[in-house]
Amino acid sequence: MQQHPDFDLIIAGGGMVGLAQALALADSPLRVALLDQRPPAPAPSMTELNFDNRVSALTPASAEFLRELGVWEALLELRLCPYTRMEVWDADGTGAIRFDARDLHLDALGYLVENSLVTAVLAEALRNTQIECRFGAAIANLERDSAGWRLALSDGASLTCSLLIGADGGGSRVREWAGLKTRAWSYGHEALVTTVHTEQPHRATAWQCFMRTGPLAFLPLRPHGDGSQHYSSIVWSCEPALARELLALDQEQFAARCATAFERRLGAVEVLSPVQAFPLRQLHAIDYVAPNLALIGDAAHTIHPLAGQGVNLGLADVHSLSGVIRAALAQGRDYCSQQTLSRYQRERKAANLGMMLGMEGFKRLFGSDDLLLRWLRNEGLRLADSLTPLKQTLMRRATGL
Ligand SMILES: Cc1cc2nc3c(=O)[nH]c(=O)nc-3n(C[C@H](O)[C@H](O)[C@H](O)COP(=O)(O)OP(=O)(O)OC[C@H]3O[C@@H](n4cnc5c(N)ncnc54)[C@H](O)[C@@H]3O)c2cc1C
């Protein structure tokens, strides 16, 4: 019978959320390990316009949290693009809504950053801590143990811990092995992503055009040490038939389709990297916690990228879970107990579910052919654009403030 676990806490998964979780507990007295099946990410090279296709729009709330974790300055030194305006419109009508950071007295509504840069700065910061990071270590199985959990690794090793945090993404095996059920459904959308150069500058604006087949977003990028506003990341979420058609195009044809779908608001478009496709599904764990176990990030909830909220919700999970663990330690309570972990679930589940339902509603509203709904959404956008208090409420939600 296992009495002394190898670690107090193991984090399964070293994506943006798992790494942030490890760093958030780095100065706690707990013996923490982080495992990821992938090899460590190479140090980023900032000499070229080698933008990563995978980017995230971080809210000011997430930026603040990363600042608290001590990695924001490092991200600023690499490259990220603050955006001060957001413009959303209905391709089927005249409804539009515009947001401006000045209306909330903010410097920015958010920050576009490549995912690989976020993981690189978090992994680098972890090197200066006591946390044991094992990259290239896939978890192959999981069993309950008298002291918590026993993890079997693909290289034959086995590790035990008192508390296991599942941060292993949307397809979480930890969630499955722990028997935590989910509600999941396909959005019937695929997200096509690539980096583009545009004829017109993006003007530090995140643009999103809602079509019946799905939204197309142009998200501003800024090259390292350069003020150019001609680079954007695009996320084109569309039905599988359209995705197949678009993926069959060469880069020049794809660029032309993109520019047309986007009503040429940024002029001609040049595609700079191969287009990648990601199937989209919505998934929400019915429970985020089980005995000696908690799920965070995409392992607990996977959401449509149209709102740019996935990793922001994950970082809010990290903030909450670290808070309840620290509070338990400070008060001499068991940091693994169901009572402690349920507090985290209570804090995060309603917020995550609310955001997910909102996004589902948005997707359905804009996917509808119904004339009345089309009229309503255009009038709704126009009305929301003209009502300052409503607009400010929407902005506060989107910025996580
Ligand atoms: C096209 C697209 C655009 C998006 N845009 C935005 C945006 O603008 N803003 C935003 O907030 N969110 C966005 N998201 C969502 C965001 O990318 C995710 O929410 C985020 O990456 C989730 O991070 P995570 O760390 O929870 O999971 P992941 O990034 O999936 O990390 C999971 C980690 O676990 C590891 N792992 C898995 N299984 C095992 C195992 N058995 N053993 C060991 N390790 C394992 C994996 O190697 C991986 O490193 C977007 C998503 C998509 C698809």
Side-chain angles (χ1 to χ4, degrees), residues 10-22 33-41 52-59 61-63 81 83 86 110-116 118-119 122-123 133-142 151-155 159 164-177 187 189-194 206 208 214-217 219-221 233-238 243 275-283 295-318 352 355-356 359 398-400:
I10 290 183
I11 298 160
M16 292 185 278
V17 174
L19 289 165
Q21 181 65 73
L34 175 138
L35 310 176
D36 197 288
Q37 61 195 1
R38 291 192 291 211
D52 185 356
N53 265 355
R54 293 298 309 273
V55 302
S56 293
L58 296 178
T59 59
S62 293
C81 185
Y83 57 95
M86 203 188 291
Y111 305 85
L112 254 298
V113 59
E114 293 148 80
N115 294 2
S116 55
V118 179
T119 50
L122 288 166
C133 292
R134 294 198 192 177
F135 293 101
I139 302 163
N141 201 6
L142 190 63
L151 287 73
L153 306 189
S154 51
D155 61 6
L159 289 176
L164 179 63
I165 299 183
D168 52 340
S172 172
R173 300 294 306 276
V174 167
R175 187 182 63 221
E176 196 180 304
W177 286 318
Y187 278 116
H189 270 179
E190 287 192 27
L192 307 187
V193 297
T194 185
Q208 188 144 223
L216 168 60
L219 307 167
L221 297 175
S233 170
I234 68 153
V235 182
W236 191 341
S237 307
C238 56
V275 181
Q276 284 178 287
F278 298 89
L280 299 179
R281 65 178 185 150
Q282 173 137 293
L283 179 148
L295 301 176
I296 56 172
D298 273 24
H301 43 77
T302 311
I303 180 173
H304 197 293
L306 74 86
Q309 287 295 336
V311 74
N312 293 297
L313 297 180
L315 291 174
D317 294 347
V318 171
N352 291 335
M355 183 62 79
M356 294 177 86
M359 287 314 107
T399 51

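Heads up: numbering here begins at 1 and tracks the sequence. Note that ligands are numbered from 1 as they come in the structure, with each ligand's atoms numbered from 1 the same way.
- Residue contacts with ligand 1 leave out Ala12, since none of its heavy atoms falls under 4.0 Å from the ligand.
- Heavy atoms of Thr302 stay at 4.0 angstrom or farther from ligand 1.
- Summary of contacts: the protein heavy atom closest to atom 43 (C) of ligand 1 is Gln37 N, 3.2 Å.
- Heavy-atom proximity to atom 22 (C) of ligand 1, evaluated over Asp298, Asp317, Ile11, Leu19, is greatest for Asp298.
- Atoms of ligand 1 found under 4.0 Å from any heavy atom of Ile139 (numbered from 1 in listed order, with element): 40 (C), 41 (N), 42 (N), 43 (C).
- The shortest N/O to N/O separation between Trp177 and ligand 1 does not fall below 3.5 Å.
- Contact annotation: the side chain of Met16 never approaches that of Leu58 to less than 4.5 Å [non-hydrogen atoms, C-beta and beyond].
- With ligand atoms numbered from 1 in the order given, ligand 1 contributes 26 (O) to contacts under 4.0 Å with heavy atoms of Gly297.
- For atom 8 (O) of ligand 1, the closest non-hydrogen atom on the protein side is Ala57 N, 2.8 Å.
- Below 3.5 Å of separation, one finds an N or O of Gly310 facing an N or O of ligand 1.
- Counting heavy atoms from C-beta outward, Pro215 and His189 have side chains that approach closer than 4.5 Å.
- Judged by distance alone, with hydrogens and angles left aside, the side-chain atoms of Glu190 form no donor-acceptor pair with the main-chain N or O of Ala243 at under 3.5 Å.
- Listed by number with element, the atoms of ligand 1 under 4.0 angstrom from any heavy atom of Ala167 are 32 (C), 33 (C), 34 (O).
- Distances from atom 49 (O) of ligand 1 to the heavy atoms of Asn115, Asp36, Leu34 show the closest one on Asp36.
- Separating the CG atom in Leu295 from the CG atom in Leu164 is a distance of 8.5 Å, to the nearest 0.5 Å.
- Going from atom CD of Gln282 over to atom CD1 of Ile303 covers 6.0 Å, rounded to the nearest 0.5 Å.
- Atom CG of residue Asn352 and atom NE2 of residue His301 lie 3.5 Å apart, to the nearest 0.5 angstrom.
- By the 4.0 Å heavy-atom criterion, Gly314 is excluded from the residues contacting ligand 1.
- Looking from atom 53 (C) of ligand 1 to the surrounding protein, the closest heavy atom is Arg54 NH2, 3.5 Å.
- Annotation: side chain of Val118 is not in contact with side chain of Ser56 (no heavy-atom distance under 4.5 Å).
- Between Val311 and Asn115 there is no side-chain heavy-atom pair separated by less than 4.5 Å.
- When only non-hydrogen protein atoms are considered, atom 28 (P) of ligand 1 lies nearest to Gly169 CA, 4.2 Å.
- A distance-only check finds a donor-acceptor pair linking the side chain of Arg175 to the backbone of Gly170 [under 3.5 Å].
- Side-chain contact annotation: Thr119 with Ser116, donor-acceptor N/O pair under 3.5 Å absent.
- Under a 4.0 Å criterion applied to the non-hydrogen atoms of Val193, ligand 1 contributes the atoms 1 (C).
- Residue contact check: Arg38 has heavy atoms under 4.0 Å from atoms 47 (O), 48 (C), 49 (O) of ligand 1.
- Taking 4.5 Å as the limit, some side-chain heavy atom of Leu159 sits within range of a side-chain heavy atom of Ile10.
- Using a non-hydrogen distance threshold of 4.0 Å, Ala137 registers as a contact of ligand 1.
- Protein heavy atom closest to atom 16 (C) of ligand 1, with residue, atom name and distance, is Val311 N, 4.0 Å.
- Closest protein heavy atom to atom 29 (O) of ligand 1: Gly15 CA, 4.2 Å.
- Taking every non-hydrogen atom of Val17 and a distance limit under 4.0 Å, the qualifying atoms of ligand 1 come out as 23 (O), 24 (P), 25 (O), 26 (O).
- Note that the CG atom of Leu34 and the CD atom of Gln21 stand 10.0 Å from one another [nearest 0.5 Å].
- Side-chain contact check for Gln208 versus Val235: every heavy-atom pair is 4.5 Å or farther apart.
- The single protein non-hydrogen atom nearest to atom 5 (N) of ligand 1 is Val55 O, 3.6 Å, given as residue, atom name and distance.
- Residue Gln309 approaches ligand 1 through these ligand atoms, each under 4.0 Å from one of its heavy atoms: 9 (N), 10 (C), 11 (O).
- Residue contacts with ligand 1, taken as heavy atom pairs separated by less than 4.0 Å, involve Ala191 solely via side-chain atoms from C-beta onward.
- Of all the atoms in ligand 1, the ones that sit under 4.0 Å from a non-hydrogen atom of Ala138 are 42 (N), 43 (C).
- The single protein non-hydrogen atom nearest to atom 21 (O) of ligand 1 is Met16 CE, 3.5 Å, given as residue, atom name and distance.
- Considering both main-chain and side-chain atoms, Arg173 never comes within under 3.5 Å of ligand 1 through any nitrogen or oxygen pair.
- To the nearest 0.5 Å, atoms OG (Ser154) and CD1 (Ile139) are separated by 9.0 Å.
- The side-chain heavy atoms of Asp298 and Val17, taken from C-beta on, include no pair separated by under 4.5 Å.
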